[in-house]
Amino acid sequence: MVTIIPGSDFMSAIEANHARTVMLCWLALFGTIALGLIVARWITRLNRSSQQITQNQLDQEVPIQRIRGTRELSQSFQFMAKQLQSSFQLQTNGDQELKRPVTVQIAGLAQARDLREAIFNESTDAIFLVEPAPSLQILDCNQRAVELFGVDSKAELVGIRGAALRKRPCTQAELDEIAEEFDRKGFWSQEIEYVTKKGKTFWGNLAAKPITVAGQALQLVRLTDISDRKQLELALQHSETNTKAILNSAIAGITSMRVFADYTWEIDQVSAGVEIISGYTPQQLIQDKYFWTSQIVREDWEAMVSHVFHDIFHEQSGTYEYRLHRKDGNLCWISQTHNSFWNEAQHCWNVTLISVDITQRKQAEAALRESEERWQLAIAGTNDGIWDHNLITNELFLSPRCEEMLECRLEELNPFDRWVERVHPDDLAILQNKLQQYLKREIPQYVSEYRMRCKDGSYKWILARGKAIWNEQGIAVRMIGSVSDISDRKQVELALRQSEQKFKGAFDTITTGMALVSLMGRFQEVNTALCQMLGYSPAELLAMKLEDVVNPIDHHIELAQAERMMAGEIPGYQVEKRFLHKDGHSIWGLLNVALMRDADGQVLYLIAHIVDISDRHKLDELKDEFISVVSHELRTPLTSIRGSLGVLETGALKEDPDTAQQMLQLALRSTERLVRLVNDILNLERLESDKMKMVLEPCKVDDLMQQAVDSVQAIADKEGILISILPISAVVQVDPDAIVQVFTNLLGNAIKFSSAGGRILVKAEIENREKRNSSTLHSLLPTPYILFSIHDEGRGIPADKLEAIFGRFQQVDATDSRQKGGTGLGLAICKSIVQKHNGRIWAESEVSKGSTFYFTIPLES
Amino acid sequence: MTKRVLLIDDDLEIQEMAQVVLRTLAGLEPLSAINGIDGINKARIEAPDAILLDVSMPDMDGFQVFEQLQADPLTQSIPVVLLTAKALPSDRRRFAQMGVAGVITKPFDPVTIGQHIKEMVGWED
């Protein structure tokens, strides 16, 4: 039994750790126990039966099941054989007693024969009578033999060699062995596999003993069918093999050992798995029983050794983890479980160790720990909230920061529907849109900005980001991401947008040309004013460079300054240069360039400011022209003065006092003219330079008119010209001196150009509605206004000169006016004054008939 | 024989003064015209020995008058002296290119003007 079942303590000692092993062990155990019990029964029964047979109680039921107790069986058989022999002897004795009455002898014989027949035929074993070696032919056999070999009658068996019935033929060596045993022990038994007629095989226990029957030496052979037992044996063997195979295939080192009280041990078995774990072979470990422990990392061994022995001695099981040096030099983590129980017979503890490689598990644990740490750190360190959305159940996991951000508890935000409720209605569509786009894989990541309602009802801008986890069917089952509080950023954005808008507003509405220019000189931004100035559309300008709109003559006039600016010596510079309008003409512009830098001092772009100074230039040109003209005008009377006085000084006219007097008068006249000219020039300059402000005060119209007329009355009388006034009662806000001067100038002209006896009419009217007139000047007058007119009957003014005469030094006909002392500035002065009063001045005339000069003064309403 | 000089100038006072100066101090006989057209006509008719021509006149300025005088065979040989208030070197250069006999700036010195004219025109004293 012991040999069948692997050491009972071994079996019972294996822990549940290894389920299959346990199951098989239990199976083996139960099987073993069952078998043991059965066998025990058989033994006792057989013993009983055998005993009873020897007591001639031959009608015993011998149990069919066979056990391996061949020795006892064969001994009992031997005994039986002896009995048979004695019965045969009886028969022989009977023959010898022929003297006895035949009937008695026949009866005795018959009795003996019946006995023999009974034993022979009722035996449940197959019995053969076999010729001794070397023939070994079967002489006779019983019915059981016939049954056993599946033949129809004993006739088929008689005459053949017993050995022929074997499955595997007997070798000569075996035969010799048999013979040797026969000689030595007097009998021989063996278990042999036989083949029936039908080809079925079975195992049988064969016992052979030589007997002598009627002087003939024979072999009495008994064959017991032990197939069932054999099958069970085989099954057990098979299961044992399986078990061993399983144990050996387990990637665990299973060691069985015996531990002694003196802390030593002996290793009995080591499974093959140990090689996989450690690289050391079982043989190595059995050979050197201390090898394994010597490979354990010192500190781990020292930490556990006392505990392990303690467990063993107390028959407790336990599990320990330690590091082992593998054969390849690497370290691995081993988890070792031990079971022990006290083996009284051997005075030791039977210990089973199961060692498993947990390196990967350890590594995984370490990695997980690390990862967990990192995760926690990340969550703690980030300012973002983490969310985990189970798309199936709609459950939300939110990190504490989320709750903090929104000042809500998790219950108020979970599940997802509650979260969505808090999203600003305007932003809901955006959120859903982005989510859909992501889930349809149109965008690589879910990112969306939206407002969430905090606990206190205010809205906070948050930025949500996330990624989904898809299952095998391609459906998103889970999303994980973060939320950030971007309210500050949003505010900054808003402020920036507003600032930009302000800038843009200013930039675009400014009436001087402005542009942002890249360092390469390209236009990056242009305002409306610049486009209008240069005659391009914004799109056209943005495709051009600054130098494209500059007259090539003036391209590099500011090179030195530009370089200094780029070098950082000056922040910017200003220069006048000619720009090119789209249609080719030049425009004088004042260019102001400044460098724009960012916070780090890096140059971003240039700001160019261009003011159209063509007017000013024209003005300068006009001024130059004016100065030239004025100098000419001044030189003219000076010529007369110099000339006339020069002549006088020479004394050449000593003898000609009349001419002398004429020259003096000429000088005087010219001097006065010069004075008037200088005054007028100064006056006009002051008027036109805006330095002279009109000091407006309420004046009565009729007073003004009268005053003017009075001042020229004397001259008018001298010329014989009549002046009439048609005033109105009105009050105007005017500078009285200036208006009187206008009247005076106009009256002066009227007198100059009238012939003797002519009439001049000075009139004033109030106009309440627009007066339709051919003159365009007139039609745009703001109503209501006072219309003054001075009409003369003089020679008139040609139509082409009606506007020109209001220009400086413009006279219809130089001769007359100059002759009469005109400076050529009178009408220009009138125009200036009238315009300063927001009025208009113009002339209408018919040559040879007369002229009318009009001017208007608006009435304050 | 007293040389006759035609003064074409629109300023009456200058004309008046010049009459006296030219006669009394320069010993020349003055003729006067108060505008370009008048001047050209008189030049043709009177055939003066020299013309004093004011540059800046309204209607027809001195240059135009000069052109006309040059174009007309009757007057083209009459030497012309320009009278001008402009005294810049650039103006002088322009005048010189015209082909006039000389340029006198206003206001001129009455005492020396006669001399100047004679020199420019090339009369011996």
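First the proteins, then the strands, lettered A, B, ... as listed; each starts at 1.
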For B:Pro110 against A:Gly646, the heavy-atom pair lying closest together: CG-CA, 3.6 Å
Heavy-atom contact with chain A under 4.5 Å, split by part of B:Asp109: both
Neighbour count above 12 (heavy atom, 6.0 Å) for A:Leu722 CG: yes
Residue-level contacts of residues 19-26 of chain B with chain A, using a heavy-atom cutoff under 4.5 Å: B:Val20, B:Val21, B:Thr24, B:Leu25
Over 12 foreign heavy atoms within 6.0 Å of CZ, A:Arg616: yes
Which portion of A:Thr650 sits near chain B, non-hydrogen atoms under 4.5 angstrom: side chain
Side chain, backbone, both or neither of A:Ser670 within contact of chain B (heavy atoms, under 4.5 Å): both
Residue from A:Thr639, A:Leu666, A:Ile641 passing side-chain contact (heavy atoms from CB on, under 4.5 Å) with B:Glu13: A:Leu666
Polar side-chain atom of A:Arg642 near backbone of B:Pro107 as donor-acceptor pair, under 3.5 Å: yes
Validation row: B:Glu16, A:Arg669 side chains within 4.5 angstrom (heavy atoms): yes
Candidate list B:Asp9, B:Asp10, B:Asp11, test side-chain contact (heavy atoms from CB on, under 4.5 Å), partner A:Thr636, passing option: B:Asp11
Contacts of B:His116 that satisfy ring pair (Phe, Tyr, Trp, His ring centres under 6.0 Å) - sequence neighbours left out: none
Residues 70-82 of chain B: residues contacting chain A (heavy atom under 4.5 Å, by number): none
Partners meeting side-chain contact (heavy atoms from CB on, under 4.5 Å) with A:Gln741 (sequence neighbours left out): A:Asn683, A:Asn745, A:Ile829, A:Ile833
